[in-house]
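Numbers here are sequence positions counted from 1.
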Amino acid sequence: MGTSVQVTPLSGVYGENPLCYLVAIDGFNLLMDCGWNDLFDPSLLQPLSRVAKSIDAVLISHPDILHLGALPYARKHFGLSAPVYATEPVYRLGLLTMYDHYLSRRQISDFDMFTLDDIDAAFQNVIRLKYSQNYHLSENGEGIVIAPHVAGHLLGGTIWKITKDGEDVVYAVDFNHRKERHLNGTVLESFVRPAVLITDAYNALNNQVYKRQRDQEFIDAILRVLRADGTVLLPVDTAGRVLELILILEQYWAQQHLSFPIFFLTNVASSTVEYVKSFLEWMSDSIAKSFEHTRDNAFLLKYVTLIINKSDLENYAGVPKVVLTSMASLEVGFSHDIFVELATDAKNIVLFTERGQFGTLARMLQVDPPPKAVKVTMSKRVPLVGDELKAYEEEQEKIKKEEAVKKASIVKVEEVRATSSHLSESTKGDSMVIDPASATASPKGSSHFRGQMDILIDGFTPPSTSVAPTFPFFENTAEWDDFGEVINPDDYVIQEEDSNHMVVNGKSLDVKPDEASVHLLLDSTPSKVVSHELTVQVKCALLYMDFEGRSDGRSVKSIISHVAPLKLVLVHGSAEATEHLKMHCAKHVCPHVYAPQIEETIDVTSDLCAYKVQLSEKLMSNVLFRKMVENEISWMDSVAEKTNEKVLTLLPPPSALPTHKSVLVGDLKLADFKQYLSTKGVQVEFAGGALKCGEHITVRKISDSSQKGGTGPQQIVIEGPLCEDYYKIRGHLYSQFYLL
């Protein structure tokens, strides 16, 4: 059999829950994404808790909460210690996303699912890869190669290609074939006939309008509200699709010279944009070329103001404005509070650019028709005063005393152990044996042992190999010249602080948060969370426009058909969308289509047999190679002999074989051949998809229609009478190939 492959969903099938899947390749367990949702519901992670300790590697595809939100919790509570693989933007922006969620939660609750230390610990294991970089796993994963490729959904977003023994397993969720302002489209279509394709059915039932039409409708909706003196609230993610929205607004504001203020408000807004500025090579070709020619960075924002504190908006109360703020779910964060303020005014609008997560306030507001009123919980931190503050201080004092007593007992135990260890060591060497019978106390405080006077120093234990007690001696090996000791100037240089690393309250942060976030962390004032329920009358306009950056249903079907996998696994999508795509693919793509349930393991092992082939020296001594570009090729006849279970040895045939037919090796492009013939003085032009050479000869290319994806052999057909031009064109054609 081929490479053993089993897929077990842990979350995110037949629904829109977070993505998390276990893929076992020859017993090596790969965790594909480790997502959570904005509600941080621990029950969603129960399947993960049962397998976390057996996971060998984690592959993260996108820097949002649905793909990596559970990493800190799983590491802290489930013992997930496997190395994590991701691209540099996924690592950096994912870290900022987790910081933003933690800070948003901490402002309104005593959030204890994980801490900043847990976030940093989880991301310390991340190994960063570049697009198309083949990374060879080691130890238990020997022989497995992983490679990230462009997904086109979020900055740094990844399609994972996993290869073992020549067979490919492709994990492609949340991809986008469209080229956008800041991202190139996916490269999924370049993969042909993988053994297994794991993809999602999230958009299988949705079709999108044209991009230009969508963008114009988006701008028109915003301007209608602004010109009516209203405010536009855009609930967005921390560092994902919001980048595309920012560029759209920047571009249109610049073209139309608009003066309405735009604000980007998150706990890490400044850090997000600073990092994004340095990721130009991960963005679209147009942004990279623009920077190369004009040195203009697309994220040097002129119209979007970055703010990190909601109080900064108070200066613009009553002013028409656009506010992009996290979280997209409206559950917590600045977006929740701003929605409550804006909802009661009919002049305002809440413009959703992505579907809200199931069970969140955003999802509730996106139903048709929307609710006229919603209940929300308003929470905030207030400092402790009076009896509460006194009780808190007494409790802290009690805790400090208990810790001091505990620490003192530990120190005492260590001292006893050190003393006993010192006594046992001091009796080992012959020169240090103490004879109580011969020891007499000296009035001067010294001790005589066997007639010798020794100095006893508490804490000093002579080595057992020494002849007599000796103090440690360190020789000064410094170099000297005529002016004194030679010094190294670098030892006296004041090191600059790492701008991407800081320590707050003993917590080491890998990414430097914004000032307001640091203030929150440094604020040690005793406080409590005060909450109350509020019924909000929803009078503002509510509008949803699809800026999720995912391929629509028609495009997904077309791409899957082009990739033509041998086996297909569908995940992450509603039950209706999953069944619809499953039926379509079973009919038009491949017969082996699977849509497993949670914790249902499916075996998608290839039906092909894979062997390693070893060429014998006897065979290689009779082979003649020909140079082909950077490689060498040859035709060889051999017989296979099975050495062991998965290795075949090729040997020379026992008897001479008839001469094989000539084989032409190469890939001819008619456009290149046309240019070549022109240099040889042949009149040539395209006509009906073929090359017309001179007056009578036609060269056309015919593919085998029975092969999906154009992977079959191609035929080059020369049509025309047998004349001098015919043989001349044929000779030129042969020169484009390697003859074996």
Side-chain angles (χ1 to χ4, degrees), residues 38 100 103-104 107-108 217-238 241-242 245-246 248-249 252-253 258-267 269 303-357 360-380 516 531-545 547:
D38 281 9
D100 194 23
L103 294 170
S104 297
Q107 288 169 0
I108 61 156
E217 291 175 354
F218 175 71
I219 292 296
D220 290 344
I222 290 176
L223 291 181
R224 276 197 302 271
V225 174
L226 294 177
R227 287 166 178 162
D229 293 333
T231 295
V232 180
L233 172 62
L234 289 164
V236 295
D237 51 17
T238 302
R241 294 302 303 169
V242 65
L245 300 176
I246 287 175
I248 292 174
L249 295 172
Y252 196 85
W253 255 238
L258 299 175
S259 58
F260 298 111
I262 306 172
F263 299 99
F264 178 37
L265 169 62
T266 72
N267 290 299
Y303 298 93
V304 178
T305 303
L306 308 179
I307 56 176
I308 52 181
N309 199 319
K310 181 173 166 288
S311 61
D312 293 339
L313 293 175
E314 294 175 359
N315 298 329
Y316 295 86
V319 177
K321 57 188 173 293
V322 179
V323 182
L324 301 97
T325 182
S326 60
M327 306 294 174
S329 64
L330 293 182
E331 282 298 304
V332 294
F334 298 121
S335 63
H336 176 273
D337 297 341
I338 295 175
F339 164 74
V340 173
E341 295 173 3
L342 300 180
T344 56
D345 192 338
K347 292 188 300 183
N348 303 324
I349 186 174
V350 179
L351 206 167
F352 298 100
T353 56
E354 62 181 71
R355 274 174 279 178
Q357 297 174 22
T360 62
L361 177 59
R363 188 61 168 260
M364 189 187 307
L365 295 171
Q366 290 174 16
V367 299
D368 190 18
K372 295 183 179 180
V374 292
K375 282 187 176 181
V376 298
T377 301
M378 300 298 295
S379 303
K380 65 177 181 178
S531 302
H532 67 277
E533 282 196 352
L534 181 68
T535 300
V536 178
Q537 302 297 321
V538 183
K539 298 179 180 179
C540 67
L542 301 172
L543 181 63
Y544 166 72
M545 302 185 73
F547 279 87

Can you give me the closest heavy-atom contact between [X] and [Y], atom names plus distance?
X	Y	result
Asn348	Cys540	O-CB, 3.4 Å
Thr344	Lys539	O-CD, 3.4 Å
Pro261	Pro320	CD-O, 3.3 Å
Leu542	Leu365	CD1-O, 3.6 Å
Lys310	Asp337	CE-CB, 3.8 Å

Out of curiosity, [X] [atom1] to [Y] [atom2], how far, rounded to the nearest 0.5 Å?
X	Y	atom1	atom2	result
Lys372	Gln537	NZ	CD	10.0 Å
Thr305	Leu324	OG1	CG	11.0 Å
Phe260	Thr231	CZ	OG1	11.0 Å
Leu543	Thr353	CG	OG1	10.5 Å
Leu245	Leu351	CG	CG	9.0 Å
Leu258	Arg227	CG	CZ	6.5 Å

Report yes or no: does [X] contribute a side-chain atom to a donor-acceptor pair with the main-chain N or O of [Y] at less than 3.5 Å?
X	Y	value
Gln366	Glu354	yes
Gln107	Gly333	no
Ser335	Ala328	no

**OP:** Could you give me the CA-CA distance, side-chain angles and deciding distance for Val236 and Phe547, then say whether side chain to side chain contact (heavy atoms under 4.5 Å, CB included) is met?
**Re:** CA-CA 10 Å; Val236 295; Phe547 279 87; over 6 Å; no
**OP:** Report yes if the side chains of Leu330 and Thr360 come closer than 4.5 Å at any heavy-atom pair, otherwise no.
**Re:** no
**OP:** May I ask you to test the Met327-Gln357 pair for a side-chain heavy-atom distance under 4.5 Å?
**Re:** no
**OP:** For Glu217, enumerate each residue passing the salt bridge (Lys or Arg N to Asp or Glu O under 4.0 Å) test, keeping only those at least two apart in sequence or located in another chain.
**Re:** none
Subject >> Residues in salt bridge (Lys or Arg N to Asp or Glu O under 4.0 Å) contact with Lys321, at least two apart in sequence or another chain >> reply: none
Subject >> Passing candidate, side-chain contact (heavy atoms from CB on, under 4.5 Å) with Lys347, options Leu342, Leu226, Asp229, Val225 >> reply: Asp229
**OP:** Could you check His336, His532, Glu533 and say which one makes a side-chain contact (heavy atoms from CB on, under 4.5 Å) with Val376?
**Re:** His336
**OP:** Please test Leu361 against Phe339 for side chain to side chain contact (heavy atoms under 4.5 Å, CB included), starting from the C-alpha separation and ending with a verdict.
**Re:** CA-CA 10 Å; Leu361 177 59; Phe339 164 74; 4.0 Å; yes
**OP:** Pick out which of Thr266, Thr238, Asn267, Asp38 makes a side chain to side chain donor-acceptor pair (under 3.5 Å) with Ser104.
**Re:** Asn267
**OP:** For side chain to side chain contact (heavy atoms under 4.5 Å, CB included), just list the numbers for Ile307 and Phe334, CA-CA rounded to whole Å, side-chain angles, deciding distance to a tenth of an Å, and then say yes or no.
**Re:** CA-CA 11 Å; Ile307 56 176; Phe334 298 121; over 6 Å; no
Original post:
Is there a donor in the side chain of Asp100 and an acceptor in the side chain of Ser326, or the other way round, less than 3.5 Å apart?
Top reply: yes
